[in-house]
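Worksheet: one structure, shown below.
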Protein chains: 2
Amino acid sequence: MSERRATITDVAREAGVSPSTASVVFSGNAPASAETRRRVLAAAEALGYTGPDPRAASLRRGRSGIVGVVFGGSLRAAFHDPVTIAMMDGIAEGVAPLRAALLLLPDETSSAAPASAADDDSSVTDVTAEVPSTMTSAPIDAAVLVGFGQTRQPSLDVLRARRVPVVIIEGDAGPDIPRIELDNSAAQHRAASYLRELGHERVTLLTLPIRPGRARGWFGHADAVEVDVTAARLAGARAVYPDAPAYAAVTSSIDEGLISGREILAGPDRPTAVIAQTDLLAAGVIRAAEECGLRVPEDLSVTGFDGVEVDGLDAYELTTLVQPAVEKGRAAGAAVVAMLAGEDAASVTFTCSFRTGTTAGAVPPA
Amino acid sequence: MSERRATITDVAREAGVSPSTASVVFSGNAPASAETRRRVLAAAEALGYTGPDPRAASLRRGRSGIVGVVFGGSLRAAFHDPVTIAMMDGIAEGVAPLRAALLLLPDETSSAAPASAADDDSSVTDVTAEVPSTMTSAPIDAAVLVGFGQTRQPSLDVLRARRVPVVIIEGDAGPDIPRIELDNSAAQHRAASYLRELGHERVTLLTLPIRPGRARGWFGHADAVEVDVTAARLAGARAVYPDAPAYAAVTSSIDEGLISGREILAGPDRPTAVIAQTDLLAAGVIRAAEECGLRVPEDLSVTGFDGVEVDGLDAYELTTLVQPAVEKGRAAGAAVVAMLAGEDAASVTFTCSFRTGTTAGAVPPA
DNA sequence: TTGTAAGCGTTATCAT
DNA sequence: ATGATAACGCTTACAA
């Protein structure tokens, strides 16, 4: 009932041409006469042939037309972040010349399964043990690493061993890997300076997590800040306000900002300004301020970071640092295209622009 | 400088075994002695061989280990919707037995590019013309269609022609395609009944778009509702409130709900309850109510739909219909697994559960 | 412009 | 438990 699927050879035979000619008609990689094209296409239609099998084509070509996007966490977490989504958009655009599609590769550490009995027998290290199987067996031409901490080294090792070209966004993967970066520190410095010019002295910093897994709360100069982005933005703020109290959130969301904001605003020495490390956190702080009956920016100034559209913040325009998220993705995509073309891709650092919104103003009179 | 990449044949030779034996060591598809395994692995390490080339393996196996996820729009739009993200999570879980990765296939209609001169010459229809090239050339084993309107028929045709197993979430793709559905109408009916029991008479419906591209605004019984989800939920509400005024949003977001909410609450005959078709819209309506100085639920009752966590709605627990979004995805994944195993997958309809939150209460005294 | 030929690297089958 | 062999379906030199 279901006969063997037609191949390009069948189509060629039916059309009375050679397989290579038929191939050329489908790929367009060489000229073919209109008449030949017509015959081949007609034969294809007659046989229900829908075009070259991508699996066979990719073996022969050595390219699959797929670019992997590796996240340092769950899909859910990644897509909760508007910046990540914008970057994905950019990556898709950037790799467009390749006509490539994006393969989602979440890189969650699988709990290290105890290996088989023969373990101490073998001196051979199974480097793939702590790496999702898709990472080793997905037919990707290149990979973009997103939001990568030091933690994900094993996956990176696998990719390098496979000689898959890799570019990393916001992270350090060693000297050979092109990086797409942001001027986090300088940018945050600008926002802090702005507040200082407005006269703010009592400023609190609301940061991203300083360490994976650490609980929400205050931290001091003694606490190590292990997350790069957090550290960079923190440094920029600290350059202006060296001794500002700092409070670390556990994630970037409005609700998290609200919870953190409540605590920050509850203290005896209430700040006149809060520098939040993301727009979502800033939005939450604004909510917290509203709860306390504080007006923004009259009683409290709030700055964010990212420049994303925060859904539900309609009434305000956030004073924030707008990062070119889509362009970061686009640059990563372009880097991939370059590497695949045999050129070597340079690292890029993007610059945030400071946007004066409506959420930061003069320091309130004492 | 860069010599040819080692193949499994090289590894086999180095290890003194046959290629098929080496293959077995890597795939685990047949038993191999510990000693053989050790030798092969050692040879692989020595040669820098990182495992079978996925492209070759997928040609031979006839499987790529990739499941496509097709969105009826841009990635950006898709990932803006928390329900979609939850579903993606579920799909990933559902296809886990396949050890497959997910390929993103946005299905935006490319502006029909005028074809070459020889056009009227040819009677052969190029069915792929209005379909993204990735759809025709991506090595996917199966596809999950998400949020699909009638619009995307061409892509579906391509997939069927390629004989790629397809399952569709919230949409109708014809009798042969397994569907993952929700009891939208019945569920919405429950929420409406609840409001009626609370005594509400003046109720306004805030719906999803009734037609792609239509502007925000009021609509009546005469207006055709072309979007399935919108129609189903609307019908459920209309069964209880046949003549309730209805207002269509243009998307599902808090800000959109806020804008719509303002207009809904501004009228002369202000409703005592709003039935919103999504949680995000409901959240926006609540914001709008707050703006007018209306208390929820004392002055205005609001119900949502979806049961997602709305970031920034901390103070309320939405009265809503909780849909099993993750399970929908999981079911789609399971259907894919079944179809790939040669079984045929049944359609599934999931049931929403009504959650009594804090946003709907008794009708305020006149 | 079209045809011929030679793989691309792997794995399933069937012996042994 | 291991080995020999034959595809999997296509594309690209190269020749005509």
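Chain naming here is simple, since letters A, B, ... match the order of the sequence lines and numbering starts at 1 in each. No experiment lies behind these values; they were computed from the predicted model shown.
- In this structure, Arg13(B) atom CZ and dA4(D) atom C1' are separated by 16 Å, rounded to whole Å.
- Using a cutoff of 4.0 Å between basic side-chain nitrogens and carboxylate oxygens, Asp53(B) and Arg60(B) are not scored as salt-bridged.
- In this model, the phosphate group of dG3(D) is approached by a side-chain N or O of Ser18(B) to a distance below 4.0 Å at OP1 or OP2.
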Summary of protein contacts for nucleotides 11-16 of chain C, nucleotide by nucleotide, where a base hit scores B, a sugar-phosphate-only hit scores S (4.0 Å, heavy atoms) = BB----
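- Here the straight-line distance linking atom CZ of Arg55(A) with atom CZ of Arg55(B) works out to 14.5 Å at 0.5 Å rounding.
- Note that CG of Asp172(B) is 4.0 Å distant from CZ of Arg179(B), once rounded to the nearest 0.5 Å.
- Rounded to whole Å, the distance from CZ on Arg5(A) to C1' on dC10(D) is 15 Å.
- Between the CZ atom of Arg4(B) and the C1' atom of dC8(C) there is a distance of 11 Å, given to the nearest Å.
- For Ser33(A), a side-chain nitrogen or oxygen approaches OP1 or OP2 of dT2(C) to under 4.0 Å.
- Rounded to an integer number of Å, the gap from CZ of Arg55(B) to C1' of dG9(D) is 16 Å.
- Using a 4.0 Å heavy-atom distance criterion, Thr36(B) is classed as a sugar-phosphate-only contact.
- In this structure, Arg63(A) places its CZ atom 20 Å from C1' of dG9(D), rounding to the nearest Å.
- As judged by a 4.0 angstrom heavy-atom cut-off over every strand, Ala30(B) is placed among residues making no nucleic acid contact.
- At a threshold of 4.0 Å, the pair Arg160(B)-Asp157(B) does not count as salt-bridged, since none of the basic side-chain nitrogens sits closer than that to a carboxylate oxygen.
- With rounding to whole Å, Leu59(A) atom CG is found 13 Å from dA6(C) atom C1'.
- For the atom pair OG1 (Thr136(B)) and CZ (Phe26(A)), the distance works out to 11.0 Å, reported to the nearest 0.5 Å.
- Expressed to the nearest 0.5 Å, how far CG of Leu102(A) lies from CG of Leu102(B) amounts to 12.5 Å.
- As rounded to whole Å, 18 Å separates atom P of dA7(D) from atom CG of Asp53(A).
- To the nearest 0.5 angstrom, Thr21(B) atom OG1 is 10.0 Å from Arg39(B) atom CZ.
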